[in-house]
Amino acid sequence: MAVIDESGQAYDHPLYTTLINVPGLSVAVASIDQLLTWGAKNALYIFPMATSCCGIEFMATAAARVDIDRIGSIVRATPRQADVMVIAGTITVKMAPKVKRLWDQMPEPKWAIAMGSCAISGDFYRDLYPTVPGIDTILPVDVYVPGCPPDPQALMHGMLRLQEKIAAKQAGTWRAPELRPETEKMHGPAVRRIDDPERDPAITAEQSRQAGLQSPDAPEGELDWRGAEPVPVQAALELEALLRERFGIEDFPADSAPIVPRDRHLELANTLKAMGYSLLIYVVASHWPKPEGDTFEVAYALRSPNAGAKLAQWRVVLQPGETIESLASVFAAADWQEREQYDLLGVHFANHPDLRRIMLPENWQGHPLRRDYAADTACRPWR
Amino acid sequence: MGYLLDSIRALGVTAKNIGRKPVTVQFPKVIRERQERYRTSFALLKDEQGEERCVGCLACERICPSQIIHMSSTKKESPVTGKKRGYLDDFTLDMTACIFCELCVQVCPFDAIVMLKVPHEPGYVREDLVLTMAKLYENAEKPLTWGNGTKLMEMQEPPKPAPAQAAAPVPAPAAAPVPAAVPVPAAAPAPAPVPVPASAAAAEPAKTEAP
Amino acid sequence: MGETLATSGGSQVQTWLAAVGFVLFSMVIAATMLGAAKLFAVKSKKPGALRDRPYECGEEPVGETRIQFHPRYYVVALFFVLFDVEAAFLFPWALVLSKLGVAALVLMGIFMAVLMLGWLYALKKEALRWQ
Amino acid sequence: MQGLLRGLVYGGLIITVLMTATAWGMWLERKLAARMQSRIGPNVVGKFGLLQPVADLMKLLQKEEIYPIGADRLLFDLAPFLVTTFAIATAAVVPFSAEAVGADLDVGLLWVLALGGLMVIPVWMAGWASNNKFALIGGMRAVAQSISYGVPLVLTSLVAVVFTGTMSLSGIVKFQIEHGWLALWPPGPGVVAFVLFYMALLAESNRIPFDIPEAESELVAGITTEYTGMKFGLLYVGEYVHTMVGSAIAAVIFLGGWDGPFHIASGLHWMVIKTVALFASVYWVRWSLLRFRSDQLMRLCWLYLVPVSLGLVVFAALWRHFVLR
């Protein structure tokens with residue numbers, strides 16, 4: 001088993017290296033070698049790293065129509081018994097260390113198939129803050145299966161290509177494909193973007209003019225997405241009455257929820273819960289950058305599931321430096337929803353039992369849903 | 001008891017299945033026939049005079065949601081028509097991040113870029129998935145999908161009053177080749193009435209034998 | 001049917017030896033397969049830093065692995081001992097049943113009845129109810 | 001010494017055939033499972049995919065060996081070795097025909113039950129040594145399940161002992177040749193005993209619907225989670241051999257062993273047919289049914305199987321005493 005990797009040897013084979021040097025044994029070794037190679041390529045157990053829609057196609061590959069079992073591949077749930085990792089789906093920055101760990105836990109000889117655009121390059125999420133621009137930035141990929149998602153037959157084709165590669169590699173005849181110099185270190189798509197600063201805007205304009213096309217920036221006409229005026233329902237009236245009488249609020253905007261003072265927000269939640277609004281629907285924050293500092297608006301919605309499914313909504317406006325009382329003591333569901341708002345927007349909830357990041361890695365810098373956060377902010381080690 | 005009866009029924013179902021013919025399509029031997037509107041991968045077409053259809057108008061490059069199309073072109077005199085028009089210097093379509101939305105085909109005013117029915121081959125390096133201009137023109141030989149820019153745009157326009165001589169029932173757009181003289185979309189300049197693209201798209205049956 | 005028991009005697013030694021030989025051979029087979037794996041298995045040259053960590057779906061293992069278990073497993077073990085010892089008593093009884101007559105039948109009936117009383121008690125105490 | 005030699009030679013022969021049969025039993029299982037799901041199953045490696053087990057073996061041989069941090073290395077290595085040894089050694093006393101028997105012990109049944117019961121130990125070893133929570137939980141459940149279902153297994157085979165008055169497996173077959181197969185005669189309890197034995201067999205060999213220790217959807221791969229390469233292979237093969245030998249024993253105890261129906265063409269081939277049919281039926285059940293929950297499993301065993309099998313023993317004793325004489 002000449003296990004030559006293009007980047008040196010990934011694994012060692014003590015028996016082979018000992019026996020090949022014994023004169024007269026080379027024939028025996030060669031035949032054992034062929035047998036092992038044949039085995040290696042015909043019993044590829046798969047470890048599915050299915051994170052999104054490609055995973056569904058992956059399942060279909062194991063199902064009746066394509067039947068990956070035909071070539072001897074079965075799916076094992078543990079990396080210890082797998083030979084191929086099929087990365088099917090978008091890998092986020094938080095997922096990437098886990099994928100790497102699972103890859104490490106697979107025993108040699110091992111192979112990887114990147115299935116679908118997201119796994120190959122990050123697809124059109126590739127410039128966004130949470131996306132790894134291609135799984136080959138963290139582990140060596142042997143076969144890329146294009147598609148969005150690739151259909152099961154394409155994955156089967158990928159497995160066959162992998163078999164060819166294993167045969168060639170273990171026979172020592174594998175030669176890495178020659179790369180064009182400009183794409184040799186390609187970690188993003190080979191294509192430059194339209195907003196690439198190296199592009200001459202004059203060329204773009206000239207090409208458009210030649211084609212007789214209008215400027216693509218021309219407005220497409222006014223779109224009116226606004227629907228009918230919201231109809232006041234009984235629940236809204238009930239809430240309005242409550243807010244008027246108990247909280248002394250007079251301002252009820254027609255198109256959005258009433259604003260409740262920060263210090264009485266917890267009291268309102270408790271009152272509403274006592275009135276039967278027992279279900280927390282959402283906690284959503286929004287960010288308003290202002291010259292004097294960042295203002296946040298946190299919107300809440302409660303629902304009473306029993307009494308005619310009434311909905312109560314209100315907002316709390318946070319001036320720069322202010323925190324908001326957590327609702328986790330009233331509604332258990334507020335716990336993780338508030339964590340999410342903290343994670344993505346940096347809103348601080350006072351007296352929250354466990355205010356940690358929930359979606360992004362613990363060591364993430366900044367809060368990506370703030371308006372001043374650039375979508376393609378640098379993220380180690382990928383960008 | 002219910003579990004027992006259900007178990008027996010389950011055993012019956014599997015036993016019945018053993019006698020059935022498997023539905024598996026044995027991939028390398030038999031290539032499964034694609035659906036009518038199945039689309040993957042791309043090709044660039046040439047017209048009947050052997051001229052490249054693409055004039056480098058950037059419509060596809062601009063609309064691509066993944067921003068994976070890149071082209072550059074120069075203006076030259078056409079040896080066929082004698083008029084000045086754009087010619088591609090380079091055209092790259094990066095399949096590593098394509099989402100097969102078909103928008104590039106829909107916006108093409110010259111029916112130059114079309115999609116294929118056969119998927120792009122899996123590759124060993126990312127670069128294998130980059131469709132260069134040469135590869136795109138080679139791909140024109142493969143089975144194409146039915147749709148090109150003109151047909152797709154026609155589909156989305158409101159139905160026009162039928163011309164007097166074409167009173168015959170209009171064939172379904174999916175299967176029928178386009179009539180010789182299609183009305184040109186208003187946006188496009190008219191480089192002669194848009195000729196029928198090699199129209200292999202609709203006519204060519206799906207390949208089902210071994211490659 | 002008692003012949004096998006009666007006539008066995010000396011020849012059974014050879015049979016037992018044969019059984020031991022069989023076990024030896026099965027050990028040889030298992031050892032051969034493990035040994036062959038030692039010979040042919042490849043070795044990673046640059047093992048990933050996390051290769052030897054216990055598998056926990058890609059996460060860092062949380063807490064101790066070898067933890068205390070629910071006592072219901074212990075109850076099951078007790079029951080097993082009870083019933084298996086009973087079965088051990090039943091085997092010789094079953095072998096010589098035809099020779100002993102009704103007395104053996106009655107005695108063993110009482111034995112089983114006592115055992116089932118214990119079983120009923122456990123049932124009532126819900127010792128066998130998991131969850 | 002002569003006996004030892006006989007054991008080695010006969011053992012070698014029987015074990016080789018058994019292992020080969022098990023290897024292609026795996027192929028048979030994959031093919032059967034595939035056909036039950038309207039698939040084809042392995043058909044690329046060799047004609048009809050017949051070389052698939054060989055390819056699997058070759059691949060497993062060359063996989064890297066990994067010891068997880070904190071693993072008990074001795075137990076970790078010993079477990080697959082013992083699983084395979086015990087599974088194969090059980091076959092020592094199984095009479096495949098009047099002659100083809102490794103060692104026709106007069107307490108053959110006890111040998112089978114003892115070695116089958118010993119399987120618990122390496123399984124728990126594997127679970128404990130891996131230093132993995134999935135493996136540990138799998139091992140714990142495996143122990144609970146195995147010892148629980150060991151009781152009906154012992155009691156139902158006791159039914160056969162009560163009927164036949166012998167614990168030698170070939171003696172049991174000879175009795176059945178004389179008096180009719182135990183699963184059919186006496187009518188009723190024999191069938192029940194056979195069904196209970198079959199269920200206990202499924203549980204002992206960790207097959208669906210009793211595959212709680214493996215439970216892919218909950219425990220990743222159960223006790224084998226941390227095992228790589230050939231050691232995983234041995235644990236896997238051990239289970240299949242266990243199933244195969246269990247099927248053979250069920251055929252011997254309840255289905256008349258090498259006796260043909262109505263004594264037609266009795267011989268080794270009948271034993272092979274019965275064993276393979278039982279083996280295939282185990283996988284038929286496996287690919288058709290759902291898994292029991294852990295507590296349902298325990299309840300089924302202790303609430304129903306144990307008392308029913310005890311009742312069968314009592315019935316057998318009465319029948320033996322008053323009918324057979």
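Letters A, B, ... are given to chains in the order of the sequence lines, protein chains preceding strands, and every chain is numbered from 1. Side chains are part of it too, since the values below use all heavy atoms of this structure and drop only hydrogens, waters and symmetry mates.
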- Query: Would you call C:Phe91 and D:Leu109 a side-chain contact if the rule is heavy atoms closer than 4.5 Å?
  - Reply: yes

- Query: Side chain, backbone, both or neither: which part of D:Leu61 has a non-hydrogen atom closer than 4.5 Å to chain C?
  - Reply: both

- How far apart are the closest heavy atoms of D:Ile66 and C:Asp52, and which atoms are they? CG2-OD1, 3.6 Å

- Task: Using modelled atom types only, decide if a donor and an acceptor are shared between the side chain of D:Trp302 and the backbone of C:Phe79 within a distance under 3.5 Å.
- Result: no

- Greatest number of non-hydrogen atom pairs under 4.5 angstrom with chain C, of D:Met167, D:Glu65, D:Lys63, falls to D:Met167

- Message: Quick one, C:Glu86 and D:Leu310 - any side-chain contact, counting heavy atoms below 4.5 Å?
- Response: yes

- Message: Heavy-atom cut-off 4.5 Å, strictly under: side chain, backbone, both or neither for C:Ile29 against chain D?
- Response: side chain

- Task: Let me know if D:Tyr67 has heavy atoms under 4.5 Å from chain C in its side chain, its backbone, both or neither.
- Result: both

- Checking heavy atoms, do the side chain of D:Leu82, its backbone, both or neither come under 4.5 Å from chain C? neither

- Counting heavy-atom pairs under 4.5 angstrom with chain C, the leader among D:Thr16, D:Ile137, D:Val151, D:Leu57 is D:Val151

- Looking only at heavy atoms, what is the nearest atom pair of D:Met230 and C:Ala37, with distance? CB-CB, 3.1 Å

- Check whether any side-chain heavy atom of D:Ile15 lies under 4.5 Å from a side-chain heavy atom of C:Phe22, and answer yes or no. yes

- Note on the structure: In terms of heavy-atom contacts, C:Arg66 and D:Ala71 come closest through NH2-CA, 4.4 Å

- Tell me, for D:Trp111 versus chain C, whether the close heavy atoms (under 4.5 Å) come from the side chain, the backbone, both or neither. side chain

- Item | Nearest-0.5 Å distance, CE of residue C:Met27 to OG1 of residue D:Thr85 | 5.5 Å

- Task: Calculate, to the nearest 0.5 Å, the distance between atoms SG and CZ belonging to C:Cys57 and D:Phe134 respectively.
- Result: 4.0 Å

- Item | For the student: nearest non-hydrogen atoms of C:Lys38 and D:Asp77, plus distance | NZ-OD2, 4.4 Å

- Query: Which bit of D:Met140 comes within less than 4.5 Å of chain C, counting heavy atoms only: side chain, backbone, both or neither?
  - Reply: both

- Counting only heavy atoms closer than 4.5 Å, note whether D:Ala91 contacts chain C via side chain, backbone, both or neither. both

- Query: Counting heavy-atom pairs under 4.5 Å to chain D, which of C:Val28, C:Val20, C:Leu90 comes out on top?
  - Reply: C:Leu90

- Query: Which answer fits C:Val75, side chain, backbone, both or neither, if we ask what part of it has an atom under 4.5 Å from a heavy atom of chain D?
  - Reply: neither

- Task: Please round to the nearest 0.5 Å and tell me the distance separating atom CG of C:Leu39 and atom CD of D:Gln62.
- Result: 13.0 Å

- Assign the ring pair D:Trp124 / C:Phe69 to parallel, tilted or perpendicular, where the plane angle (0 to 90°) is split at 30° and 60°. perpendicular

- Do you know which two heavy atoms are closest between D:Pro307 and C:Met116, and how far apart they sit? CB-CE, 3.9 Å

- Note on the structure: Of the listed D:Val306, D:Leu136, D:Leu318, D:Thr84, the one with the largest count of heavy-atom pairs under 4.5 Å with chain C is D:Leu136

- Max heavy-atom pairs within cutoff under 4.5 Å with chain D, candidates C:Val62, C:Val81, C:Leu115, goes to C:Val62

- For C:Thr65 and D:Asn131, test the side chains for any donor-to-acceptor distance below 3.5 angstrom and give the result as yes or no. yes

- Note on the structure: When every non-hydrogen atom of C:Ala77 is compared with those of D:Ile147, the smallest separation belongs to CA-CD1, 3.8 Å

- Query: Measuring heavy-atom distances to chain C, does D:Leu234 have an atom under 4.5 Å in its side chain, in its backbone, in both, or in neither?
  - Reply: side chain

- Query: Given that the side chain runs from C-beta out, which part of C:Ala31 has a heavy atom under 4.5 Å from chain D: side chain, backbone, both or neither?
  - Reply: both

- Item | Flag side-chain contact, heavy atom, 4.5 Å: C:Arg53 against D:Pro68 | no

- Any side-chain heavy-atom pair from D:Val154 and C:Asp84 closer than 4.5 angstrom? yes

- Item | Contact check, side chains of C:Phe80 and D:Tyr149, non-hydrogen atoms, under 4.5 Å | no

- Message: Is it the case that over 12 heavy atoms from other parts of the model lie below 6.0 angstrom from the CZ atom of C:Phe111?
- Response: yes

- Nearest 0.5 Å, what's the CE-CZ distance between C:Met33 and D:Phe81? 12.0 Å

- Is there a side-chain contact between D:Met58 and C:Phe40 (heavy atoms, below 4.5 Å)? no

- Item | Student check: side-chain heavy atoms of C:Trp93 and D:Val162 closer than 4.5 Å | yes

- Which atoms of D:Val9 approach chain C - backbone, side chain, both or neither, heavy atom under 4.5 Å: neither

- Message: Please classify the contact of D:Lys133 with chain C as side chain, backbone, both or neither, using a heavy-atom distance under 4.5 Å.
- Response: both

- Can you check whether C:Tyr55's main-chain N or O pairs, donor with acceptor, with D:Asn132's side chain at less than 3.5 Å? yes

- Okay, D:Leu115 and chain C: the region with an atom under 4.5 Å from a heavy atom over there is neither

- Worked check of side chain to side chain contact (heavy atoms under 4.5 Å, CB included) between C:Val76 and D:Val143: CA-CA 10 Å; C:Val76 169; D:Val143 171; over 6 Å; no

- Query: Which of the residues C:Trp119, C:Phe25, C:Phe83 is involved in the greatest number of heavy-atom pairs with chain D at under 4.5 angstrom?
  - Reply: C:Phe25

- Task: Flag the one option from D:Ile88, D:Thr228, D:Thr225, D:Ile69 with the top tally of heavy-atom pairs under 4.5 Å to chain C.
- Result: D:Ile69

- Item | Electrostatic pair C:Arg51-D:Glu64, nearest N-O below 4.0 angstrom | yes

- Query: Out of curiosity, D:Leu303 CG to C:Leu123 CG, how far, rounded to the nearest 0.5 Å?
  - Reply: 5.0 Å

- Item | Proximal component of C:Trp16, with respect to chain D [non-hydrogen, under 4.5 Å] | both

